[in-house]
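Here's the structure we're looking at; comments come further down.
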Amino acid sequence: MACQVPEYIPAEIEPRWQRQWEAAGLYHADIDKKRPKFYALTMLPYPSGDLHIGHWYAISPSDARARYKRMNGFNVMFPIGFDAFGLPAENAAIKHNIHPRKWTYANIQKMREQFRSMGTMIDWRREIVSSDEKYYRWTQWFFIQLVKHNLAYQKLSPVDWCPHCNTTLAREQVWGDDRHCERCGTPVIKKDLKQWFFKTTRYADELVNYDGLDWPERVRTLQTNWIGRSEGALVTFKTEAGDALEVFTTRPDTLWGVTFMVLAPEHPLVEKLTTIEQRAEVDQYVLDASRQSDIQRESTEKEKSGIFTGGYAINPVNGEKIPVWISDYVLMTYGTGAIMAVPAHDERDFDFARKFYLPLRIVIQPPGLPELKSEDVTMPLPAFGTMVNSGELSGTPAEQSFRRAVEYVEKIGAGKAATNYRLRDWLISRQRYWGAPIPVVHCPNCGAVTVPEDQLPVRLPDDVEWKPTGESPLKLHPTWRFTTCPQCGKPAERETDTMDTFVCSSWYHLRYLSPDYDKGPFDPQEYDYWMPVDIYTGGIEHANMHLIYTRFFHKALRDMGLTKGNEPMLQLRNQGMVLGEDSEKMSKSRGNVVSPDDLVHTYGADATRAYLMFFARWDMGGPWSSGGIDGVMRWLRRAWSLVLEPGQTGAVNEESVKTLRRKVHQTLRSVSRDFEQFEFNTIISSLMELLNEMAHLKDSVYGSDAWKEAIEIYLQMMAPVVPHIAEELWQRIHKPYSVHTSRWPSVDEKAAADEEITLVVQLNGKVRDRITVPVDISEEEAKTRALKSDIIQKQMEGKEARQIIYVKGRLINIVV
RNA sequence: GCCGGAGUGGCGGAACUGGCAGACGCGCACGACUCAAAAUCGUGUUCCCUCGGGAGUGUGGGUUCGAUUCCCACCUUCGGCACCA
């Protein structure tokens, strides 16, 4: 009997359906104004050459949700592409002596096939490859627009250099306590170089505003901390020579407590302030500071060091003459590179004052204490209490003195309220070959001139010695760099640095709209229909890099009139990470890597997709389990035989029909909700649970309309998760092609409603009994029945119920 | 130090708005089928227990009729930032 039913062989059905879907263009997404659009985007993968389990984890649940949205009537675009420029191509090229281009495009070809084996609804007509000329032409075009709008500039400054990658890095790409390169882990060093920057800081204020965004709190916090907005004031002190010495402070209320000032060793006024007597010591200190690495210098463990310059400044609020010191705890890169020191109320200044026996003045008297004298102070004092020693602010509550102090300095013309940010401009120059060339010509007469737009792209030449020497490989090309100035026509040289690949990925979501469009970076008609991105999924590691860059791009483009709205991606969700079975990060050296190709071979794409959705909360991730996927495989086999194996055709039991329909529609309700909320693991659980129930009921409902309905809804619910088996079974029960274009069923609320419910009966908050009652039972009736329960009677033993709590549909709690 | 996430059986994890803790799966045990094994199916599976119950969601308190859920303090762990004025 059972031998009539074919076996479930994923390797037979999966490739067949993949071919059929592709041939039919089932997943083509085109403008259709009759349907609401839905732009589902997943982060652009790097073509490393092998699709790993992390790619599957990122993409297949996103695909399932996109499919769910499509079945719900949305016109869904789900594109993919390749972030194809970047260092690994060059490193592989150096190791294996193969051209980066060849390596990259071979990898892409392999990964396309791997992606196809996943069974996604990717519209391949929209694929982009960021190293294609037709793509990077527009990356260069954007660079030029940014220059035109004063959002890109060149500057000589100390920058982070990775000695392993042989290139500079943006500040966001330097990670951890030891300040290592985000890509290769090598600690970075400082170099003074002239580099190109994008002015991300212009949007700092806007970037900490997430209005209208449904983004995880975690990402918003990371970005907010990274941008590091602080409100305070800029106050101008004067040196004795009359030079303005500006400081940024977040505590203008403590201006009267300033007892010295500290400049960064690199501060331009150090030279002028230093007296003859102090000269030798100051010079030595400046030299020492310049030799220190950032890690040494920025260590908080280190005891404070510093030198008196011999110079003095005048405090504008009280005319006091205060000594000016230099110290490496003041950073030239933040604020103005100079601080006013208030040792009585700031821990760092307090430590410094202690070390060098500098005086301290209390300006905020803590409440409820006898009047404090400066010699009583053993630690910096808090910011609440009453102002003292502070001119006209004395005697007022400290709470208001921030505002009052700012008003005061504004009145006397010594400063103004100001906001400062930790965020720095984005360094985008890279001294590497495999990237988009920066479209600039350096002319001895005209300076840095951008290449005219009609001459784009500035092509990356193939015949280059790409070995890393610390110099840009393009600089070593015999002819490429020599050109003429687009402005004056005289001999000039091309910029030989290439762009950070994060520039390429800052706008790829726009190129998907029209990958072949050649009148601009994207077709405005497509833009108007598809943008903004409705859901963006990817890893959280990009919170402070790609996600800030792409928001910056959108805002800059908006101000150029190219994009609309303030944000490119409305909703963001992050997946976690799949760990090895040993709960460690997967790596070849640990030997705990799970290969998706092997999984597809052994279990099929459907089982792999389903297990990835099942084994952990998607946003958390967790360890892989080889036994776990067996469980999912069992589920698929059971579903297969549930649909295909005939049941007993006897009398249909009406009670069973009701139970079946109730369970089906309740499951439909929870599965729909879980899809909306990205709770993929409970989708699979619910489907497994329903399968168990259906298997139990099968023989008592087989042949009924309810059974037919149950099977159809079951396959439709499976379709987004396990698209191949669902399609195969859908065909085998003779439903019209395709399950993926069928309309998501709607919940029959009547059928889903419970007729009877289980009420929990508690005694003093402890569960003692459960009673089955009609769903519409009255409160009185429920209480009476609960009190009548044998167990309750026995346990109460004549005790009086003091109080009876009734929660409709849930429980009764008897308090004695 | 500051900010954020997490802590639930042997394991991965469920539990919607304060209301049955442990759904679903893995593993394990027992049973059926089999000469046998695998596969499959069925039953059981938080711990303790004198079989009445008792304890239990990192720890200690609190609020409440009732807390995995809310509040306070703390521990562990992961991630980010860190002399940012």
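Below, chain A is the first sequence line, B the second, and so on; all start at residue 1.
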hbond_proxy A/Arg673 side chain to B/C16 base (donor-acceptor, 3.5 Å cutoff): yes
query: Does a side chain donor of either A/Arg638 or A/Asn692 reach within less than 3.5 Å of an acceptor in the other side chain?
result: yes
### Task
Would you classify A/Trp226 as touching base, sugar-phosphate or nothing, given that sugar-phosphate means primed atoms plus P, OP1 and OP2, and contacts are heavy atoms under 4.0 Å?
sugar-phosphate
5' to 3', nucleotides 47-56 of chain B under a 4.0 Å protein heavy-atom cut-off (B base, S sugar-phosphate only, - none) gives ------SSS-
Expected label for B/G9 (glycosidic angle, syn inside 90° of 0, else anti) would be syn
Side-chain contact check for A/Val767: nearest option of B/A21, B/A23, B/G12 is B/A21
Note to self: Using a heavy-atom cut-off of 4.0 Å across all strands, would you classify A/Asn813 as base, sugar-phosphate, or nothing?
What the structure shows: base
Is A/Arg634 close enough to B/U40 that one of its side-chain N or O atoms is under 4.0 Å from OP1 or OP2 there? yes
Picking from B/C65, B/A85, B/C83, the nucleotide nearest the side-chain atoms of A/Phe248 would be B/A85
Query raised in the report: Reckon A/Phe352 touches a base, only the sugar-phosphate, or nothing at all at heavy-atom distances under 4.0 Å?
Result: nothing
What class does the angle between the rings of A/Phe352 and A/Phe356 fall in, given that below 30° is parallel, 30 to 60° is tilted and above 60° is perpendicular? tilted
_Considering every strand and a 4.0 Å limit on heavy-atom distances, what is the contact class for A/Asn692: base, sugar-phosphate, or nothing?_
sugar-phosphate
Notebook entry, point to check: Heavy atoms under 4.0 Å, any strand shown: does A/Gln762 hit a base, just sugar-phosphate, or nothing?
Noted result: base
Please check if any side-chain donor atom of A/Glu581 sits under 3.5 Å from a side-chain acceptor atom of A/Ser626, or the reverse. yes
What orientation do A/Phe675 and A/Tyr68 show, parallel under 30°, tilted 30 to 60°, or perpendicular over 60°?
-> parallel
Requested in this report: Kindly say whether, by distance alone, the side chain of A/Asn225 makes a donor-acceptor pair under 3.5 Å with the base of B/C81?
Outcome: no
### Query
When all nucleic acid strands are considered with a 4.0 Å heavy-atom cut-off, which category describes A/Gly228: base, sugar-phosphate, or nothing?
nothing
Query raised in the report: When we call it a touch if two heavy atoms are under 4.0 Å apart, what does A/Arg218 touch: a base, just sugar-phosphate, or nothing?
Result: sugar-phosphate
A/Val807 has its side chain closest, among B/G19, B/G4, B/A85, to B/G19
Classified by glycosidic angle (syn within 90° of 0, else anti), B/G4 comes out anti
What's A/Arg638 touching, base or sugar-phosphate or nothing? Going by heavy atoms closer than 4.0 Å.
sugar-phosphate
**Report entry** Residues A/Ser230 and A/Asn420: side-chain donor-acceptor under 3.5 angstrom
**Finding:** no
* Should A/Ser230 be listed as having a side-chain N or O under 4.0 Å from OP1 or OP2 of B/A85? -> yes
Whole-Å distance, A/Tyr421 OH to B/C81 C1', equals 18 Å
**Asked** Should the ring pair A/Trp635 and A/Tyr714 be called parallel, tilted or perpendicular, given that the plane angle runs from 0 to 90° and is split at 30 and 60?
**Response** perpendicular
